[in-house]
Amino acid sequence: MPELPEVEVVRSGLDRWVTGRVIGTAAVLHPRAVRRHLAGAADFTGRLAGRTVTGTRRRGKYLWLPLDDGTALLAHLGMSGQLLVGEPDRPDERHLRVRATFADGGADVRFVDQRTFGHLLVAELVPDAFGGTVPEPVAHIAADPLEDAFDDEAFFRALRRRRTGVKRALLDQSLISGVGNIYADEALWRARLHWARPTETLTRAEVTRLLAAVREVMAAALAAGGTSFDSLYVNVDGESGYFDRSLDAYGRRDLPCGRCGTPIRRDVFMNRSSFSCPTCQPRPRRARA
DNA sequence: AGCTGGCCCTGAAGGC
DNA sequence: TGCCTTCAGGGCCAGC
């Protein structure tokens, strides 16, 4: 389940392979992979043919390749999406959805996605709220916590205005982008906050602690090449990261908390798992799922 | 307007 | 053995 660190590993891995190269042809092998490209698969491939890739960019969990005509190839990996680089004559992967070849005949780029929650599209680059440009579908999301543009004070004020639980807020990409279920649980564990804590009761010191925890856990995951909890996330060479060995809360049901030894508990809300330490992260009297 | 829950999708794993 | 159920979850959107 790729979150910010995993997407960044993919972006940086892709960079030297694609920057400056001219796209030859693209092929869509599964229509669902381009379902958000509303003009359809033929328009999608038509917009890529002959374009030069000018770089690689990322915000939160979105990754894009700016093209030489003011558009960009945008990718969201969803739960199981992979962008793989390799020799064009290798066999098709089982869940190959989109293939892009290059005019020089060298290594191609493939979008492989078992669960089909991921997608690709081509969109115009538009100005964002921070003086840069982003693909149009990315314009509505917040900066991610590793960007200079992220405003800690504005995040604190937004949390105080909300009437929801802190984990739900962490997963809301319009407040802070790039955080998914794994890093939300890890950051809350590090900051000793329960997932159901009402955001309007958070103090400035707690939000500062939480943001520091988000940044620390993401930086550590990045350094380890990302997390691969269920082996579906891989870098452009098809290799898994090993940060899952360093997880303190996520997936550790009934295992001892690394700080106090209390068994980690698993709760279900938002139809997903939340792992926390009952001692370090006591449930607030007033809880908001 | 802000917030919540349902839905999309596939394959692995567990239960009977 | 084999079938059925459960689980993984990001983002969109309907509806309250």
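Remember, it's a predicted structure, so these values are computed and weren't measured experimentally. Chain letters run A, B, ... following the sequence lines, proteins first, then strands; residues in each count from 1.
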CA sep, side-chain torsions, deciding dist, call: A:E3, A:K61, salt bridge (Lys or Arg N to Asp or Glu O under 4.0 Å): CA-CA 6 Å; A:E3 303 181 29; A:K61 304 172 201 171; 5.7 Å; no
Please determine whether a side-chain nitrogen or oxygen atom of [X] lies at a distance below 4.0 Å from atom OP1 or OP2 of [N].
| X | N | result |
| --- | --- | --- |
| A:H95 | B:dT10 | no |
| A:R94 | B:dT10 | no |
| A:T164 | B:dT4 | yes |
| A:Q114 | B:dC9 | no |
| A:H140 | C:dC12 | yes |
| A:S273 | C:dA8 | yes |

Atom [atom1] of [X] to atom [atom2] of [N]: distance rounded to whole Å?
| X | N | atom1 | atom2 | answer |
| --- | --- | --- | --- | --- |
| A:L121 | C:dC12 | CG | C1' | 14 Å |
| A:R272 | B:dT4 | CZ | P | 13 Å |
| A:R266 | C:dG9 | CZ | P | 9 Å |
| A:R163 | B:dA1 | CZ | P | 18 Å |
| A:D113 | C:dG11 | CG | P | 13 Å |
| A:E200 | B:dG2 | CD | P | 15 Å |
| A:R168 | B:dG2 | CZ | C1' | 12 Å |
| A:N181 | C:dG10 | CG | C1' | 10 Å |

Per-pair stack call A:F117 and C:dG11, 5.5 Å, 30°: no
Electrostatic pair A:D144:A:R58 at N-O distance under 4.0 angstrom: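 Yes, this pair counts.
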Row check, A:W195 ring normal vs A:R283 NZ/CZ: under 6.0 Å, within 45°: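 Judged by the rule (NZ or CZ under 6.0 Å from the ring centre, within 45° of its axis), A:R283 counts as positioned above A:W195.
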Aromatic A:W64 / basic A:R11 pairing, under 6.0 angstrom, 45° off normal: no
A:Y62 and A:Q173: side chain donor to acceptor below 3.5 Å: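 Short answer, no.
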Any donor-acceptor N or O pair under 3.5 Å, side chains A:T101, A:D108: no
End axis versus end axis in the helix from B:dG2-C:dC16 to B:dC16-C:dG2, the angle rounded to 10°, five pairs used at each terminus: 50°
Where A:L171 and A:A184 come nearest, the two heavy atoms and their spacing: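 For A:L171 versus A:A184, the nearest heavy atoms are CD2-CB, 4.0 Å.
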For [X], report the nucleic acid contact type (base, sugar-phosphate, nothing); a contact means any heavy atom under 4.0 Å.
| X | value |
| --- | --- |
| A:Y62 | sugar-phosphate |
| A:R288 | nothing |
| A:R35 | nothing |

Candidate pair A:D15 and A:T56, rule side-chain hydrogen bond (donor to acceptor under 3.5 Å, both in side chains), full reasoning: CA-CA 6 Å; A:D15 193 77; A:T56 60; 2.5 Å; yes
No-H, no-angle donor-acceptor pair, A:R161 side chain to B:dG2 base, under 3.5 Å: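 By the distance-only test, no, there is no pair.
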Nucleotide nearest A:R115 when distance is taken to its side chain, options C:dG11, B:dC3, B:dC9: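 The answer is B:dC9, which lies nearest to the side chain.
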